[in-house]
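Proteins get letters first, then strands, A, B, ... in listed order; numbering begins at 1 in each.
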Amino acid sequence: DAKTTQPTSMDCAEGRAANLPCNHSTISGNEYVYWYRQIHSQGPQYIIHGLKNNETNEMASLIITEDRKSSTLILPHATLRDTAVYYCIVRSSGNTGKLIFGQGTTLQVKP
Amino acid sequence: NAGVMQNPRHLVRRRGQEARLRCSPMKGHSHVYWYRQLPEEGLKFMVYLQKENIIDESGMPKERFSAEFPKEGPSILRIQQVVRGDSAAYFCASSPMGLAGGYTGELFFGEGSRLTVL
């Protein structure tokens with residue numbers, strides 16, 4: 001499975017865009033990039049996923065580089081409720097498709 | 001459509017007792033994943049089940065832990081002879097199909113069951 005690398009922590013001012021990077025340099029052609037977050041000790045929450053094209057939904061945008069070796073999750077207008085641990089995960093059918101969570105990025109949104 | 005339901009939300013057991021955690025997947029979902037989160041640590045995959053089948057149990061401890069997902073009823077994670085190190089939050093997730101079956105969508109997580117072993 002492709003391993004992901006994320007910064008341990010980041011800060012963002014409330015109302016500004018939060019840009020969370022993720023490196024997945026060993027990703028292979030059939031592997032998807034997923035983003036989840038965990039607010040405090042709640043269950044993980046799905047945010048977005050993509051294969052090679054950029055994706056956008058009501059929560060966030062996912063920008064994947066052309067070589068697919070890295071991606072950025074963008075929260076366009078961060079609020080205090082977006083404070084959470086954000087996980088970038090590469091998922092493939094080769095490992096039965098389970099999600100393997102790393103340490104993630106702790107995003108602190110500050111007023 | 002109710003989400004993934006886990007119960008009990010909190011469970012206290014004494015060392016040596018058994019713990020049973022239940023997970024009812026979303027309606028129409030036949031794939032269930034169990035994860036464990038130790039205090040101040042990340043989520044660790046334990047087991048992946050389809051109705052009546054264990055697909056991947058590579059993350060399950062070899063002893064005392066077992067899981068099932070019967071044809072009818074919830075998935076059960078069973079921990080026998082609990083020890084203090086089993087104290088953790090146990091999360092369940094479900095999906096309508098597996099990735100191998102072409103499903104690339106999200107896994108839906110429950111709110112977890114928090115086990116405390118005294």
When hydrophobic residues are tied together by side-chain contacts of less than 4.5 Å, even through go-betweens, does [X] share a cluster with [Y]?
| X | Y | value |
| --- | --- | --- |
| B/Ile79 | B/Val32 | yes |
| B/Val47 | A/Ile89 | no |
| B/Tyr33 | B/Phe91 | yes |
| B/Phe45 | B/Ile76 | no |
| B/Leu49 | B/Val4 | no |

Between B/Ser95 and chain A, which part of the residue has a heavy atom less than 4.5 Å away: side chain, backbone, both or neither? neither

For residues 39-65 of chain A, give me every residue with a non-hydrogen atom less than 4.5 Å from any non-hydrogen atom of chain B. A/Ser41, A/Gln42, A/Gly43, A/Pro44, A/Tyr46, A/His49

Does anything in residues 76-86 of chain A reach chain B? List residues with heavy atoms under 4.5 Å apart, or say none. none

Report the distance from atom OH of B/Tyr48 to atom NZ of A/Lys98, rounding to the nearest 0.5 Å. 10.5 Å

Does a sphere of radius 6.0 Å around [atom1] in [X] hold more than 12 heavy atoms from other residues, nucleotides or ligands, not counting ones at 6.0 Å or beyond?
| X | atom1 | value |
| --- | --- | --- |
| A/Met10 | CE | yes |
| B/Lys51 | NZ | yes |
| B/Arg15 | CZ | no |

Taking non-hydrogen atoms and a cut-off under 4.5 angstrom, which of residues 103-111 of chain B neighbour chain A? B/Tyr103, B/Thr104, B/Gly105, B/Glu106, B/Leu107, B/Phe109, B/Gly110, B/Glu111

Enumerate, atom names and distances included, each donor-acceptor pair closer than 3.5 Å involving a side-chain atom of residues 62-70 of chain B, sequence neighbours excluded.
residue: B/Arg64; atom: NH1; partner: B/Gln80; partner atom: O; Å: 3.1
residue: B/Arg64; atom: NH1; partner: B/Gln81; partner atom: O; Å: 3.2
residue: B/Arg64; atom: NH1; partner: B/Asp86; partner atom: OD2; Å: 2.7
residue: B/Arg64; atom: NH2; partner: B/Asp86; partner atom: OD1; Å: 3.1
residue: B/Arg64; atom: NH2; partner: B/Asp86; partner atom: OD2; Å: 3.3

B/Glu41-A/Gln103 side chain donor-acceptor pair, cut-off 3.5 Å: no

Using atom types as modelled and distance alone, determine if a side-chain donor or acceptor of B/Tyr35 lies under 3.5 Å from a backbone N or O of A/Ile100. no

Heavy-atom side-chain proximity of A/Phe101 to B/Lys44 below 4.5 angstrom: no

